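Residue numbering restarts at 1 for every chain, and letters A, B, ... go by the order of the sequence lines. Since this is a predicted model, take the numbers as computed values, not measurements.
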2 protein chains.
Amino acid sequence: MSTRAGPTGPARRRQILREAARLFAERGFHGVGVDEIGAAVGISGPAIYRHFAGKDAMLAELLVGISSRLRDGGIQRVRDCEARGLPPSAALDSLITGHIDFALDDRALITLHDRELGQLQEADRKQVRQLQRQYVELWVGVVRQVHPGLSERRARACVHAVFGLLNSTPHLSRPASLPDRRETADLLHRLARGAFAAG
Amino acid sequence: MSTRAGPTGPARRRQILREAARLFAERGFHGVGVDEIGAAVGISGPAIYRHFAGKDAMLAELLVGISSRLRDGGIQRVRDCEARGLPPSAALDSLITGHIDFALDDRALITLHDRELGQLQEADRKQVRQLQRQYVELWVGVVRQVHPGLSERRARACVHAVFGLLNSTPHLSRPASLPDRRETADLLHRLARGAFAAG
DNA sequence: GTGCGTGGTTAATGTTCGTTAACCCACACC
DNA sequence: GGTGTGGGTTAACGAACATTAACCACGCAC
């Protein structure tokens with residue numbers, strides 16, 4: 001049997017990423033050292049390099065992963081709604097719900113997502129921005145179907161603003177002040193719809 | 001006459017703070033060195049220490065300044081509306097307008113405001129948080145007058161979310177894509193009102 | 001005109017931190 | 001039973017960086 005080691009292989013990788021995301025969100029990319037990340041998973045310091053090429057690579061993987069998940073999930077949701085013959089309004093609701101789920105379940109990632117983009121190297125930053133842009137454009141298309149009066153520019157501005165609204169989740173409540181998740185999700189959903197309706 | 005020097009006294013201080021805010025917003029507090037801040041104002045490196053006790057002190061002054069300006073401006077606006085016998089709805093509009101002006105005119109500061117709070121020392125962080133809390137409570141009071149159905153908890157959640165919406169300004173448009181400021185400000189104002197109305 | 005405060009300068013210091021080196025051990029496999 | 005590899009360890013290295021030291025020049029008060 002293994003003498004004392006923790007997870008191994010890709011599981012260890014995921015564990016490191018999870019803890020790194022938490023720490024980066026808490027204290028910023030430059031605010032946390034690799035030793036701390038190692039300590040958070042029970043190994044120490046340079047062992048990280050058995051799993052990642054470096055600190056930058058971890059951040060890049062996190063940010064690309066977030067952006068991909070958001071975009072792919074959004075595409076999937078819109079496609080599902082279309083396939084089931086639902087109206088654009090249902091697609092918008094689905095997009096909002098998906099984004100809220102993500103924001104509530106992966107706070108740390110949402111925080112990182114727009115806080116630490118600047119720390120990436122040019123190539124990675126370009127990729128993340130492209131994914132983000134595609135996600136935004138997906139929303140813009142649906143929003144303009146639901147609110148045909150909106151110009152593309154205005155719709156895009158609305159989408160960015162609503163993202164800001166939805167991503168405010170990490171600022172809501174320190175410890176346990178969000179008693180039921182359902183209630184918070186519903187509120188955010190209504191606020192987002194209200195904002196779009198007013199746009 | 002002075003041989004070659006730039007501004008002097010408190011003017012130089014303000015100049016340093018302005019450039020530091022810009023750089024911190026661009027690359028994060030830990031991502032920029034004092035040498036760069038000095039270079040941005042035409043002096044080099046340790047000359048900063050003639051004006052500030054250290055890098056931390058600069059950030060603290062920036063964040064306390066932002067929070068104070070927001071809170072004091074908000075209090076002033078609400079008081080003005082009350083003094084002129086205007087309805088709560090006018091006070092809310094005034095709060096929104098003031099916040100948008102700030103967000104549009106001082107993007108860097110808005111960015112810093114919730115990105116770098118964690119880098120402060122405990123004492124400063126406590127002060128900033130207190131100012132922020134007072135600002136939020138000011139909004140909550142007004143919002144609950146305008147929308148009496150809202151519980152305090154829900155109103156607070158709405159206010160946080162709307163802050164997220166209004167503070168999304170830095171994410172809107174890279175270079176010059178906000179053609180007229182007026183239009184952007186109006187849009188954000190309507191979105192904020194729409195969100196509150198839906199809360 | 002001597003003196004001092006203000007705001008610079010460059011060089012030095014000490015630490016922190018990312019990364020690499022060198023080494024090691026357990027297990028799978030043949 | 002040797003061996004290779006995956007995943008650890010600690011020590012060493014080198015760069016970056018905040019801060020301090022030592023020094024200097026100007027302008028103004030007396």
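Relative ring orientation between Phe163(A) and Tyr135(A) is described as parallel, the plane-to-plane angle staying below 30° on a 0-90° scale split at 30° and 60°.
Distance, Arg12(B) CZ to dT6(C) C1': 12 Å, rounded to whole Å. dT10(D) atom C1' lies 14 Å from atom CD1 of Ile43(A), rounded to whole Å. If you measure from atom NE2 of His51(B) to atom C1' of dT6(C), you get 9 Å, rounded to the nearest angstrom. The interatomic distance linking Arg13(B) (CZ) with dT6(C) (P) rounds to 14 Å, in whole Å. Taking atom CZ of residue Phe52(A) and atom C1' of nucleotide dG6(D), one finds them 15 Å apart after rounding to whole Å. In this structure, Ile48(B) atom CD1 and dG7(C) atom C1' are separated by 12 Å, rounded to whole Å. When rounded to the nearest whole Å, the span between CE of Met58(B) and C1' of dT19(D) equals 14 Å. Separating the CG atom of Asp35(A) from the C1' atom of dG18(C) is a distance of 9 Å, rounded to the nearest angstrom.
Within 4.0 Å (heavy atoms only), Gly54(B) reaches sugar-phosphate atoms of the nucleic acid but no base atom.
In this structure, the side chain of Arg22(A) does not engage the main chain of Ala108(A) through any donor-acceptor pair within 3.5 Å.
Side-chain proximity of Pro46(B) to the nucleotides dT10(D), dG7(C), dA21(D) is greatest for dA21(D). Listed nucleotides: dA18(D), dG7(D), dG7(C). Nearest to the side chain of Tyr49(B): dA18(D). Each of dG7(D), dA18(D), dG18(C) was ranked by its minimum atom distance to the side chain of Val34(B); first place goes to dA18(D).
Judged by closest nucleotide on DNA chain C, Ile16(B) is the one of Lys55(A) and Ile16(B) placed further toward the 5' end.
Note on Val140(A): it clusters hydrophobically with Ile75(A), by side-chain heavy-atom contacts below 4.5 Å among ILVMFWY residues.
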Audit row: Arg129(B), Glu122(B), salt bridge (charged side-chain N to carboxylate O under 4.0 Å, His left out) steps and yes/no = CA-CA 10 Å; Arg129(B) 272 218 260 261; Glu122(B) 182 59 19; 5.7 Å; no

